[in-house]
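Residue numbering restarts at 1 for every chain, and letters A, B, ... go by the order of the sequence lines.
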Amino acid sequence: MTSPDQNPLPQNYDAAAAQAAWYPRWTEHRVFTADAARAADHEPFVIVMPPPNVTAVLHVGHGLNNTVQDVLVRWRRMAGDEALWLPGTDHAGIATQNVVEKQLAAEGRTRFDVGRDPFVTRVATFVEQTGGEILHQLKAIGSSADWTRTAYTFSPELSRAVREAFVRLHEDGLVYKGHRVIHWCPRCGTSLSDEEAEFTETAGKLYHLRYLLADDPSQSIVVATTRPETMLADVAVAVNPDDERYQALIGTTLLLPLNGARIPVIADSYTDPAFGSGAVKITPAHDANDFDVGKRHALPMPVIIDADGIVREVELAAGRVPAELAGLDRFEARTRIVQLLEAAGALVKIEPHQHSVRHCYRCDTVVEPRLSDQWFVRMQPLAAKALGVLRSGELRILPERWEAVYVNWLEGIRDWNISRQIWWGHRIPVWYCDACGKTDGATPIVSRTDVTACPTCGGTVRQDDDVLDTWFSSWLWPMSTLGWPDMDSADLKAFYPGDVLVTAPEILFFWVSRMVMSGCWFMGKAPFHTVYLHGTVRDMQHRKMSKSLGNGIDPLDVVRLYGADSLRWTMVAGLGLGVDVMLDPNDLDKSFAPGRNFCTKLWNIARFLLSRVGTEPVQLVDVLDADSLTAADAWILDRLDQAIADCDAALGPARPANGEAWTDAERGRGLRLSEYAEAARRFVWNELADWYLESIKPRLAADGPDREVARAVLAHAFDGALRLLQPIVPFITEELWQQLPQTPRNAFIAQAAWPRPRFTRTPAGDAFELARSIVQSIRQVRNENGVQPGAWVDATLVACNDIAAALAPQLTVIGSLARARVTLSDVAPSGAAAHAVVVAGLDLVVPLAGMIDLAKEAARVRAEQAQLDTQITALEGRLSNEKFVSKAPAAVVEAERAKLAEWRAKSDQLAAKLQSFGA
RNA sequence: GGGCGAAUAGCUCAGUUGGUUAGAGCGCCUGUCUUACACACAGGAUGUCGGGGGUUCGAGUCCCUCUUCGCCCACCA
């Protein structure tokens, strides 16, 4: 036997050392590298990583997101799947361009000073030099991604996919160029999609303006607007055709204040008679709804705000902007125009007005609706397919309530503006030939390859200036990273479609829905069968962690202070399905000490095991003679099986059982990460360490065959625990597993087999369960009576025959765990003693001469009996209720009767006890 | 304006198809450096399951309603 002094493990776990040791070894041995060929006879399990922005640095949200993915991938890898977790980064058009533009601004320059090509080169260089840092940071938290397949949305391969998708959709009639009002960010200088223009509730003002009739200044119409500056571009005032107040005015002409433009009063049912005055000014070039009205009535569409948000006569607006307003910023212009209107007597009133204003999701600038030419994707046909796969069960979303949100969005989907007026991104693969008059964009050249000369006339061509929305490359991610559009790609054949997509709800529309659409359209199959939307990391005030609030937690700080496993443990243990994770940025210890403490517990179990079990070979539990197992052995093996079953039930199923679609019964199941963590924790801590390990100390100290049995069972149980925990805490489990006596050489727990239940529940296991109850009763008596922790007490178990027989072999273990000299008897000893009824038919008597306050003990027993009798009365009432007995299921009634018998027996025992001390 | 979700111990949350003594972790209280672990061990206290009404033999669980909080969507001029 190895002495404790020779313990192969140091006293404390060195997380940093374990991380530094194991991660490189895993990658050297290609543990994370998926093999397309092997996927032929192993179930593939594929997760594509939501690509972080190439300039991003790891924050706690990434930490959570990637930990979840890593847990799932590590689980399936152990379960024997050919697991692929495909990592990469997103070139993040607007965001990355903004970073470099800020650098330029510091030099006092703009991208226009630099010029397009040099600017793009500069961004590319910047990305090359500093980008992708986050991928290294992901390694520090243990992410088991297949780095040999690392992808980038702007790589030549993925750029090819982008072009293919654009051209294919154009051929399918789903890509078109449109002239309409879109969301424009004057700061970024580009259009945005509907999703990129986020609503913010704003306390604004509603300005009521009076427009006079051109032919009769005594008559007028009052209109209300939140953006008075747009009045310069008004082309009509619309009233509801059924609004009796305005019948006489329809068709008359109004005189616009400030610029004197003459505009008609028109009738359009868009106008809500109940809002404001029931008349609405129409500004087709600067409001999406007004644009529709303008089209219906063939109105002119003057543009008076330019790309930079400056008010001037941009297009079809001659004479509309007074000289004193030209050149003003749109918000300065608003202030000035209100002053001018007031001076002109045209301002009726200003009211406070709560409304939602769209802001740029990248720079938070107020978005300006603006008329321009843009490329769009017609979404309805794509959305129909994305709805179809959800309805068929080919796709599910967890938590399930998000499915309704997904359906709602897809059913009301609008066309997607995919062109951006920035420079960093995939240039739109469209060329125009000025020579043959293809300049209006009606019949441009759309090509998979670069076009250098006009195919019709051989003249010079110029490429469309715009680039594509970043999300137009990300929506192809599950295919493009596997080699699409090359349908012969080994990866695409082996790993498409994938399995689970893990992300936060914020990008359900931006990204997830669109990936489903592109997968269905181009591959005929949804790219995954499960969307798992996890919660958000928040602080103790439930605020989202963010840089601007300064309430963030740097995951790398946590790794340094507590270790990567502690970070992972905390996140997984706190991750109920769809529930936010609360962490305290001001008290990291409170948040992460539980993870560290858990690792320490594992470490100490291993220290005990290695010093007492030793490193000599142990027998496999399979070959042990079943009769040689003690009740404790049978019990812990049973608890291990239960833990495995609990973990499996919490995590799985990994995929639809029929391989095609989720059944209703399966649909909401699995991915309960916190339940999985709790099941594993409970086993290793509350069962293995607290009970089994304590119970076998005497057996390990002795020599002989029973010691070998205990060694074998302990080693097996701890091995199982480590395997169950590997996906959550990969570093410490690897570090410890490598040292177990039964671990094969040159193996990693990271690719060891996931455990399976093997043993059946036995009466012996139940006997240990009873022994535990007795130990707890004795300890309770000791505590309540102030017995010195080190002192031994006498304890008599008064048991009926059946129980006594099962208990006889357990007396030693009960005694050592409770520090009691335990005897079995059929009569209670007399004298002052503490009493407890463990179960019906089993009394515990602990004589504590001189330590027992008889009156107090009697009061305690009496109180216990009183409570029991109350419950008995209630139960008797229930059982004498004819309706209950006749209507409730027989099994329920039977169980209630059994319970009543048990309680009555217990009550009788308590009564006897009271009588025994003459109370 | 439409839709969805939540409300259970001081805090964060579990509570499966209604089945009757409502659970966990953290925190709190008492005791202990018991030969792996004080980052630990043993024991303990704490809930009119948001309010009201209903269905049922039986409701934390189902229905209605009210209150509070959160999320999503929307052409809130």
Applying a 4.0 Å non-hydrogen cut-off, can you work out what [X] is touching in the nucleic acid: base, sugar-phosphate, or nothing?
X: A:A224; answer: base
X: A:A888; answer: base
X: A:R538; answer: nothing
X: A:A689; answer: base
X: A:A891; answer: nothing
X: A:P594; answer: nothing
X: A:E411; answer: nothing
X: A:W685; answer: sugar-phosphate
X: A:L693; answer: base
X: A:K697; answer: base
X: A:F509; answer: sugar-phosphate

Can you tell me which residue among A:V684, A:I732, A:D565, A:T570 is in a side chain to side chain contact (heavy atoms under 4.5 Å, CB included) with A:F598? A:V684

Taking only Watson-Crick and G-U wobble pairs with both distances under 3.5 Å, what dot-bracket line describes RNA chain B, where [ ] shows pairs that cross earlier ones and | shows pairs with another strand? (((((((..((((.....[...)))).(((((.......))))).....(((((..]....))))))))))))....

Applying salt bridge (charged side-chain N to carboxylate O under 4.0 Å, His left out) to A:R878 and A:E896, what does each step give before you reach the verdict? CA-CA 9 Å; A:R878 196 175 309 135; A:E896 296 295 282; 2.7 Å; yes

Using heavy atoms to find the nearest nucleotide of RNA chain B for A:T226 and A:L868 separately, return the residue whose nucleotide is more 5′. A:L868

With nearest nucleotides of RNA chain B determined for A:A238 and A:N12 from heavy-atom distances, which residue corresponds to the more 5′ nucleotide? A:N12

Euclidean distance for [atom1], [N] against [M] (whole angstrom):
N: B:C66; M: B:A59; atom1: P; result: 24 Å
N: B:G2; M: B:C49; atom1: C1'; result: 31 Å
N: B:U65; M: B:C75; atom1: C1'; result: 34 Å
N: B:C63; M: B:G70; atom1: C1'; result: 24 Å

Measure from the side-chain heavy atoms of [X] and tell me the nearest of [options].
X: A:F199; options: B:C72, B:C75, B:G25; value: B:C75
X: A:S356; options: B:G19, B:A77, B:A74; value: B:A74
X: A:P789; options: B:C76, B:U32, B:C75; value: B:U32
X: A:N408; options: B:U20, B:C73, B:U32; value: B:C73
X: A:W402; options: B:C76, B:C71, B:A24; value: B:C71

For residues A:F510 and A:Y361, establish whether the separation of their ring centroids is below 6.0 Å. yes

For the residue pair [X] and [Y], establish whether any side-chain heavy-atom pair is separated by less than 4.5 Å.
X: A:L651; Y: A:L673; result: yes
X: A:P273; Y: A:R245; result: yes
X: A:W569; Y: A:L725; result: yes

Any idea which heavy atoms bring [X] and [Y] closest together, and the distance?
X: A:A279; Y: A:V239; result: CB-CG1, 3.9 Å
X: A:R782; Y: A:R819; result: NH1-O, 2.9 Å
X: A:P284; Y: A:A233; result: CD-O, 4.2 Å
X: A:A710; Y: A:Y692; result: O-OH, 3.8 Å
X: A:R707; Y: A:L700; result: NE-O, 3.1 Å

Please assess A:E902 against A:R904 for the test salt bridge (charged side-chain N to carboxylate O under 4.0 Å, His left out), listing each intermediate value before the final yes or no. CA-CA 6 Å; A:E902 162 102 16; A:R904 278 176 175 159; over 6 Å; no

Going through the checks in order, is the side chain to side chain contact (heavy atoms under 4.5 Å, CB included) test met by A:N240 and A:D272? CA-CA 7 Å; A:N240 192 287; A:D272 175 5; over 6 Å; no

List, with names and distances, any nitrogen or oxygen atoms from the protein found under 3.5 Å away from nitrogen or oxygen atoms belonging to nucleotides 4-15 of chain B.
residue : atom : partner : partner atom : Å
B:U12   : OP1  : A:H542  : NE2          : 3.3

Starting at atom [atom1] of [X], determine the distance to atom [atom2] of [N], rounded to an integer number of angstrom.
X: A:E506; N: B:G70; atom1: CD; atom2: P; answer: 16 Å
X: A:M231; N: B:A77; atom1: CE; atom2: C1'; answer: 15 Å
X: A:E198; N: B:A74; atom1: CD; atom2: P; answer: 12 Å
X: A:Q11; N: B:A38; atom1: CD; atom2: P; answer: 8 Å
X: A:E400; N: B:G3; atom1: CD; atom2: P; answer: 21 Å
X: A:N686; N: B:G23; atom1: CG; atom2: C1'; answer: 13 Å

Ignoring backbone atoms, test whether A:R819 places a side-chain nitrogen or oxygen under 4.0 Å from the OP1 or OP2 oxygen of B:C41. no

For RNA chain B, the residues among [range] that have a non-hydrogen atom under 4.0 Å from it:
range: residues 871-880 of chain A; value: A:Q871, A:R878
range: residues 266-277 of chain A; value: A:Y270, A:T271, A:D272, A:F275
range: residues 595-606 of chain A; value: A:R596, A:N597, A:T600, A:K601, A:N604, A:I605

When you look at A:T230 and A:H286, which way does the side chain to side chain donor-acceptor pair (under 3.5 Å) test go after all the steps? CA-CA 7 Å; A:T230 62; A:H286 296 288; over 6 Å; no

If you restrict it to nitrogen or oxygen atoms, what contacts under 3.5 Å exist between nucleotides 42-50 of chain B and the protein, and what is each distance?
residue : atom : partner : partner atom : Å
B:A42   : O2'  : A:N783  : ND2          : 3.2
B:G43   : O4'  : A:N783  : ND2          : 3.1

Salt-bridge contact A:R669-A:E666 (side-chain N to carboxylate O under 4.0 Å): no

Side-chain donor-acceptor pair under 3.5 Å between [X] and [Y], yes or no?
X: A:K281; Y: A:T283; answer: yes
X: A:D869; Y: A:S907; answer: yes
X: A:H183; Y: A:E196; answer: no

Would you say A:R180 has more than 12 foreign heavy atoms packed within less than 6.0 Å of its CZ? yes

Pair A:N785-A:V781, side chain to side chain contact (heavy atoms under 4.5 Å, CB included): steps then yes or no: CA-CA 6 Å; A:N785 293 288; A:V781 166; 3.6 Å; yes

